[in-house]
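A quick write-up on the structure given underneath.
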There are 2 protein chains.
Amino acid sequence: MKAVAKRQPDRTRQTLLECAFEEMHRSGFRAASLDAILESSGVTKGALYHHFGSKTQLGYAVVEEVVRPWIEAAWRPVVDADNCIDAAITVCRELTRTRSAHAIEYGCPFNNLINEMSPVDEGFRKRLQTILDDWRAGIVAAMRNGQERRVVRADVAAEDAAAFIIASIEGGVGLAKSKRSREFLESSMRGLVDYLESLRARPGQAAAVRHARPAQDGAVLAPTFKTSRS
Amino acid sequence: MKAVAKRQPDRTRQTLLECAFEEMHRSGFRAASLDAILESSGVTKGALYHHFGSKTQLGYAVVEEVVRPWIEAAWRPVVDADNCIDAAITVCRELTRTRSAHAIEYGCPFNNLINEMSPVDEGFRKRLQTILDDWRAGIVAAMRNGQERRVVRADVAAEDAAAFIIASIEGGVGLAKSKRSREFLESSMRGLVDYLESLRARPGQAAAVRHARPAQDGAVLAPTFKTSRS
DNA sequence: AAAGATTCATACTGGTCGGTATGTTGATGG
DNA sequence: CCATCAACATACCGACCAGTATGAATCTTT
């Protein structure tokens, strides 16, 4: 019998992925040092190059197997929820509240990788694009669903709103890196929450104007208390 | 008399700054190669190190003397305008329309630098932070001004809205890099324009839920067509 | 248990990059 | 016209880093 298996290729691979993810999160992909990954993981270079053909291949694997699930887990609650606006607001609140100083300082790995790698590597670009597409499609589906259930205004263009929401989140997290505090992120998120509130369907509203007008007139506004801070 | 001055230190410095900016825009700061900058500028390494003490100092100078004016020029129209919402919408339209494929592919230099350098270099972080602070303060001032002129809803929290707007712009430009087309940026910008429209003060509206300001109506307004799309 | 493949370990290589040492040329003041 | 300094130019150095060659240890299969 063997007390502990001396060879655990799957575990080695997983350790490598996680340490590579952290190093990439701190330094970006190009500045990520293989030696640093090897040191933090306790794996040798021979093992690394047995599991991954190159640094680039390792990076691709991190995107597919770490970043992608990470992002998907974040917005899943919104897609699964009965009321996508309530769910989205909750996610936003969680996002700012649970975020450690470390996460504030280093930002969102997904956003970081897009910014760094999309212009210089097609493999990264394509993989990151599909993650973004899926994320957006999930929000679009949630909003369409919300429109059918009459919890989201019918005149909202779901594609545009989804892109706008994702952009504001990633932009807020990204820009927060330039500040010491999380003030910017929190402030931006309050703006986002206000925007999300404005997407709620109002009780007596006639639906479906969509591409005709920006809505806004006639309807008399303002969900109010649930969101009013102060 | 001299036909052409053989020594033009100011011009040499400026050329260096511009070429460094372009190289940094393409590759990021850390991956920017001094040799590439020297080749594209036709300047030698000796000249570079005469004008700048190190690559980092060169980077700082690019931030202060190229990136900062670049950003300030972008939002100045909003601050100077009579109606900041109209101006902001115009700027957004310009931003997407005039943007070349190159700019789509490589994103916003300011955002790129924050994402890349803020976590790893305090000098960059501080300089970029002040640019962001100024940008945000400019929008806040414009919105407060707009609130006094009754073109912006009185219940809007200017700080939050400004952060949110900036985040959505930079996020949209950043994420657009992962797509081949500018579709994502345009879509996100349509979402932003819709949001900006929602900030307009409405004629007969009793204002101020937010900080409980009464705000007498009577002021009329609302341009409308100037901005309505489709 | 032998053979063969998988999994890992070590030492080394070629290349790139930021930075420096040192030399040369042009401008400038006396 | 000479001295001095600013403004360049060239050659070189050490560090780091991705990748490889080679071999050893372990597991699997028969």
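Note that the structure is a prediction, hence the values are computed from the model and not measured. Proteins get letters first, then strands, A, B, ... in listed order; numbering begins at 1 in each.
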(request) Could you tell me the separation between the CG atom of A/L48 and the P atom of D/dA18, rounded to a whole number of Å? (result) 10 Å
(message) At less than 4.0 Å, is any side-chain N or O atom of A/T44 found next to OP1 or OP2 of C/dC8? Yes or no.
(response) no
(message) As a test of reading the structure: which of C/dC17, D/dC17, D/dA9 is closest to the side chain of B/A47, going by heavy atoms?
(response) D/dA9
(request) Please state how far atom OH in A/Y49 lies from atom C1' in C/dT10, giving the value in whole angstrom units. (result) 15 Å
(message) Check the phosphate of D/dC8 against B/H50, side-chain N and O only, distance under 4.0 Å to OP1 or OP2. Yes or no?
(response) no
(request) Using a cut-off of strictly less than 4.0 Å, decide whether A/H51 has a side-chain nitrogen or oxygen near OP1 or OP2 of C/dC8. (result) yes
(request) Measure from the ring center of A/F164 to the ring center of B/F164 and say whether it is less than 6.0 Å. (result) yes
(message) Applying a 4.0 Å non-hydrogen cut-off, can you work out what A/A36 is touching in the nucleic acid: base, sugar-phosphate, or nothing?
(response) nothing
(request) Could you tell me whether B/E72 atom CD has more than 12 heavy atoms of other residues or ligands within 6.0 Å of it? (result) yes
(request) Rounded off to whole Å, could you give me the CZ-to-P distance for the A/R7 and C/dA5 pair? (result) 16 Å
(message) If I take atom CZ in residue A/R11 and atom P in nucleotide C/dT7, what distance separates them, rounded to the nearest angstrom?
(response) 16 Å
(request) Specify the separation, in whole Å, of atom CZ of A/F52 and atom C1' of D/dT20. (result) 18 Å
(request) Let me know the distance between CG of B/L58 and C1' of C/dG19, rounded to the nearest Å. (result) 14 Å
(message) What is the separation between atom CG on A/L34 and atom P on C/dT13, rounded to the nearest whole Å?
(response) 19 Å
(message) Pairing donors with acceptors under 3.5 angstrom, does anything connect the side chains of A/Y60 and A/D121?
(response) yes
(message) Any donor-acceptor pair, under 3.5 Å, between the side chain of B/K45 and the base of C/dG19, if you only look at N and O atoms?
(response) yes
(message) On the nucleotide D/dC16, are OP1 or OP2 found under 4.0 Å from the side-chain N or O atoms that A/S33 carries?
(response) no
